[in-house]
Amino acid sequence: MFAVIKTGGKQYRVVPEDQFTIERLPGEAGDLLTFKEVLMVGSTIGAPFVAGASVTAEIIGQTRGKKVISFKKRRRQNSKRSRGHRQDLTLIRVAEILTDGKAPSKTSAARTKPVKAAKPDEDKKAKPAKATEEAAKPAKAADTAAEPKQAAASAPAALFTAPKGDADKLTTIKGIGPVAEKQLNEQGITTFAQIAKLSDKDVARIDEHMPFSAAQIEDWREQAKELAKK
C-alpha cells in the first residue's frame with residue numbers, strides 16, 4: 001500500500017521502508033514523525049486530506065543539500081555578487097501507513113529509540129579479567145549455538161514457496177523497484193510465471209500481509225503474463 005503526503009510545500013509518494021530527504025523538520029536521529037497531511041492512500045483520494053490517515057517516519061539524521069551558487073553581475077558598473085546556499089534537509093525512513101485513526105504500533109515506536117553509545121571510561125570498566133573471560137567462554141559458545149535455533153523458530157514463514165531454478169529480475173515490471181523486489185523474494189515470489197499465475201485469493205493475501213495494494217498487484221500480474229511468454 002502506498003500513500004501521498006505533503007510536507008514542506010511538496011508532495012511525496014511513499015511506501016514503508018522508503019528513505020528520502022525532506023525540508024528540515026525539528027528532531028534528532030531516532031525520533032518518530034507523524035504526517036497528518038495525507039492526500040492519498042492506495043486508491044482513496046482525500047478532499048484535500050484522507051480522514052483518519054497518517055504516515056509515521058523515523059528520523060535517520062539531519063543533513064544538508066548540495067551547495068547552490070547565486071551569481072549576479074551588472075554590466076559596466078564593476079558590480080559582482082556571489083552567494084552560496086545549502087538547504088537544510090532531514091533524512092527519514094517511512095515506518096507505517098495508518099488509516100482509520102490508528103495509532104503507531106509498538107514496533108515502530110521501539111525503533112525510534114536512539115542507541116546510547118558507551119563512554120570510553122565505561123568500556124574500560126566493563127572489560128573482565130582474563131580468568132573471568134576464560135570461565136565465560138563455554139557459556140558464550142552455548143549461547144551462540146542457541147541463537148540460530150531461536151532465530152529460526154521465531155522467523156515467520158514465507159507466504160509462498162519459491163520455485164527451483166534462477167530467479168527473474170522482477171524490477172523489469174513497471175512499479176517494482178529494488179526494495180519491492182527484495183520484499184517479494186523474501187515471501188517466495190521470484191519469477192514472472194509466479195506473478196502471472198497469482199489468483200485473486202493470492203492477491204488478497206499479499207495485499208493483507210505486504211505493503212502493496214490489490215490494484216498494484218493486479219497490474220504486475222498483467223505485465224508478468226506478457227513477460228512470462230518471452
[atom2] on [Y] to [atom1] on [X], rounded to 0.5 Å:
| X | Y | atom1 | atom2 | value |
| --- | --- | --- | --- | --- |
| R221 | S199 | CZ | OG | 8.0 Å |
| L33 | T7 | CG | OG1 | 8.5 Å |
| T90 | E28 | OG1 | CD | 12.0 Å |
| D88 | T21 | CG | OG1 | 12.0 Å |
| K73 | S82 | NZ | OG | 13.0 Å |
| R86 | K67 | CZ | NZ | 7.0 Å |

Could you see if [X] belongs to whatever hydrophobic cluster contains [Y]? Use Ile, Leu, Val, Met, Phe, Trp, Tyr and a side-chain cutoff under 4.5 Å.
| X | Y | value |
| --- | --- | --- |
| V50 | V55 | yes |
| L98 | L32 | no |
| F20 | V38 | yes |
| I45 | V15 | yes |
| I97 | F49 | no |

Do F2 and V14 have side-chain heavy atoms sitting under 4.5 Å apart?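 SC-SC contact between F2 and V14 ruled out.
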Answer yes or no: is there a side-chain heavy-atom contact under 4.5 Å between Q87 and R24?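 Heavy-atom side-chain distance check fails, nothing below 4.5 Å.
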For the residue pair [X] and [Y], what are the closest heavy atoms and their distance?
| X | Y | value |
| --- | --- | --- |
| P16 | A95 | CB-O, 4.0 Å |
| A196 | A224 | N-CB, 3.7 Å |
| P163 | G188 | CD-O, 4.2 Å |
| K36 | S54 | CD-CB, 4.2 Å |
| Q183 | P211 | OE1-CG, 3.7 Å |
| T171 | P178 | CG2-N, 3.9 Å |

Problem set entry | Verdict with reasoning, I22 to F35, per side-chain contact (heavy atoms from CB on, under 4.5 Å) | CA-CA 12 Å; I22 60 175; F35 299 94; 3.9 Å; yes
Can you check whether [Y]'s main-chain N or O pairs, donor with acceptor, with [X]'s side chain at less than 3.5 Å?
| X | Y | result |
| --- | --- | --- |
| E186 | A158 | no |
| T56 | E96 | yes |
| Q223 | K174 | yes |

Practice task
Indicate yes or no: does E222 engage K225 in a salt bridge with an N to O separation below 4.0 Å.
Solution key: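 Between K225 and E222 there is a salt bridge, with a charged N closer than 4.0 Å to a carboxylate O.
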| field | ILVMFWY clustering at 4.5 Å (side-chain atoms), partners of L159 | value |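 Members besides L159, by chain and number: F160, L170, I173, I176, L184, I189, F192, I195, L198, V203, I206, M210, F212, I217, W220, L227.
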